[in-house]
Amino acid sequence: MTRIRPSSELLRYLSHRLLAGLIDLGAMAGLQFGVVASANALFPPTHLGHHFSTEGLLLFAIFSPLAWFIYAVLPLARSGSTLGKEIMGIRVVNQYGQNPSMLQAFMRESAGRWLNAMVLYLGLLFIFWDKDQQTLHDMVADTFVVWKNQEHFPRASRL
């Protein structure tokens with residue numbers, strides 16, 4: 001029986017995607033912590049055992065999605081990368097090798113991520129058998145993660 005071993009290039013790609021995701025997760029957690037701390041500083045909880053005042057909860061409800069949009073969606077549409085992807089040397093592109101549109105970035109980071117969460121993140125495993133190494137959230141938005149310095153995008157030539 002022959003063992004199938006992933007190539008070192010595939011392992012490098014997977015590790016960069018994983019580390020980029022962890023960096024982005026940490027950055028988003030920090031942003032959310034900042035929103036919560038700001039909401040509580042401006043409008044402290046009024047009842048013992050409560051974590052938010054009504055005003056603080058409203059402030060959180062407004063600024064939390066705004067922070068996510070500014071951190072995750074806008075950079076993807078403008079440059080194809082977030083902080084984590086930039087650090088790890090990867091970027092997100094559409095089927096033509098260009099930065100994703102605002103709609104694609106929004107779909108990838110909202111519907112795609114929610115759908116992934118609903119299936120217990122098993123959609124991340126699609127990367128192992130999809131020929132373009134797409135995960136579920138990439139498939140939802142028809143996006144691809146490539147190396148930052150990659151000039152030629154193979155799928156664009158097949159369209």
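When all heavy atoms of Ala41 and Pro44 are compared, the pair lying nearest together is O-CD, 4.2 Å. When all heavy atoms of Ala105 and Ala77 are compared, the pair lying nearest together is CB-N, 4.0 Å. Between Pro100 and Gly80, the shortest heavy-atom contact is CD-CA, 4.2 Å. Of all non-hydrogen atoms in Leu19 and Met88, the two that sit nearest each other are CD1-CE, 3.7 Å.
Without hydrogens or angle criteria, Asp24 side chain to Gly84 main chain gives a donor-acceptor distance under 3.5 Å. Remark: the backbone N or O of Phe43 is paired with a side-chain donor or acceptor of Ser53 at under 3.5 angstrom. Of the possible polar contacts, one joining the Asp130 side chain to the Asp132 backbone as a donor-acceptor pair under 3.5 Å is found. Looking only at distances, a side-chain donor or acceptor of Gln104 sits under 3.5 Å from a matching main-chain atom of Ala141. Proximity of a side-chain donor or acceptor of Asp138 to a complementary backbone N or O of Thr135 within less than 3.5 Å is detected. Judged by distance alone, with hydrogens and angles left aside, the side-chain atoms of Tyr13 form a donor-acceptor pair with the main-chain N or O of Val145 at under 3.5 Å. Judged by distance alone, the side chain of Asn116 and the main-chain N or O of Gly123 form a donor-acceptor pair under 3.5 Å.
When the side chains of ILVMFWY residues are joined at heavy-atom separations under 4.5 Å, either directly or via intervening members, Leu10 and Leu124 end up in two distinct hydrophobic clusters. No chain of hydrophobic side-chain contacts below 4.5 Å, direct or via other Ile, Leu, Val, Met, Phe, Trp or Tyr residues, connects Leu120 to Trp114. Cluster membership check: Val92 shares its hydrophobic cluster with Leu14, using side-chain heavy-atom separations under 4.5 Å among Ile, Leu, Val, Met, Phe, Trp and Tyr. No path of Ile, Leu, Val, Met, Phe, Trp and Tyr side chains, each step under 4.5 Å between heavy atoms, connects Ile23 with Leu25, placing them in separate hydrophobic clusters. Both Leu103 and Leu115 belong to a common hydrophobic cluster when Ile, Leu, Val, Met, Phe, Trp and Tyr are linked at side-chain heavy-atom distances under 4.5 angstrom.
From Phe69, atom CZ reaches atom CZ of Phe63 across 15.0 Å, with rounding to the nearest 0.5 Å. Within the model, atoms CD1 of Ile90 and OG1 of Thr82 stand 7.5 Å from one another, a figure rounded to the nearest 0.5 Å. In this structure, Ser101 OG and Phe106 CZ are separated by 12.0 Å, a value rounded to the nearest 0.5 Å. Between the CD atom in Gln134 and the NE2 atom in His137 there is a gap of 10.0 Å [rounded to 0.5 Å]. Going from atom CD of Glu55 over to atom CG of Asn40 covers 11.5 Å, rounded to the nearest 0.5 Å. Atoms CZ and NZ, on Arg91 and Lys148 in that order, are 9.5 Å from each other to the nearest 0.5 Å.
Looking at heavy atoms from C-beta onward, Leu31 lies in side-chain contact with Met28 at the 4.5 angstrom threshold. Using a 4.5 Å heavy-atom cutoff, the side chains of Leu57 and His51 are not in contact. Looking at Leu136 and Val119, their side chains come closer than 4.5 Å, going by heavy atoms from C-beta outward. Contact check for Gln95 versus Thr143: no side-chain heavy atoms found under the 4.5 Å cut-off. Here the side chains of Gln32 and Ser64 are in contact, with some heavy-atom distance below 4.5 Å. Side-chain contact check for Val36 versus Phe33: every heavy-atom pair is 4.5 Å or farther apart. Residues Arg78 and Asn99 fail the side-chain proximity criterion, which asks for heavy atoms closer than 4.5 Å. In this structure, Glu109 and Trp68 have side chains that are in contact, with non-hydrogen atoms separated by less than 4.5 Å.
Residues Ser81 and Glu86 have side chains that bring a donor and an acceptor to within less than 3.5 angstrom of each other.
Figure legend: Arg12 and Trp147 shown as a cation-pi pair, the cationic atom lying under 6.0 angstrom from the six-membered ring centre and within 45 degrees of its axis.
For CE of Met118, the number of neighbouring non-hydrogen atoms (other residues, nucleotides, ligands) closer than 6.0 Å is 12 at most. Counting non-hydrogen atoms of neighbouring residues, nucleotides and ligands closer than 6.0 angstrom, the CZ atom of Phe52 exceeds 12 such neighbours.
Taking the six-membered ring for Trp and the full ring otherwise, Trp129 and Phe126 have centroids separated by under 6.0 Å.
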request  = Go through Arg17 and Ile127 one step at a time and tell me if the side chain to side chain contact (heavy atoms under 4.5 Å, CB included) criterion holds.
outcome  = CA-CA 10 Å; Arg17 276 195 78 168; Ile127 200 169; 3.6 Å; yes
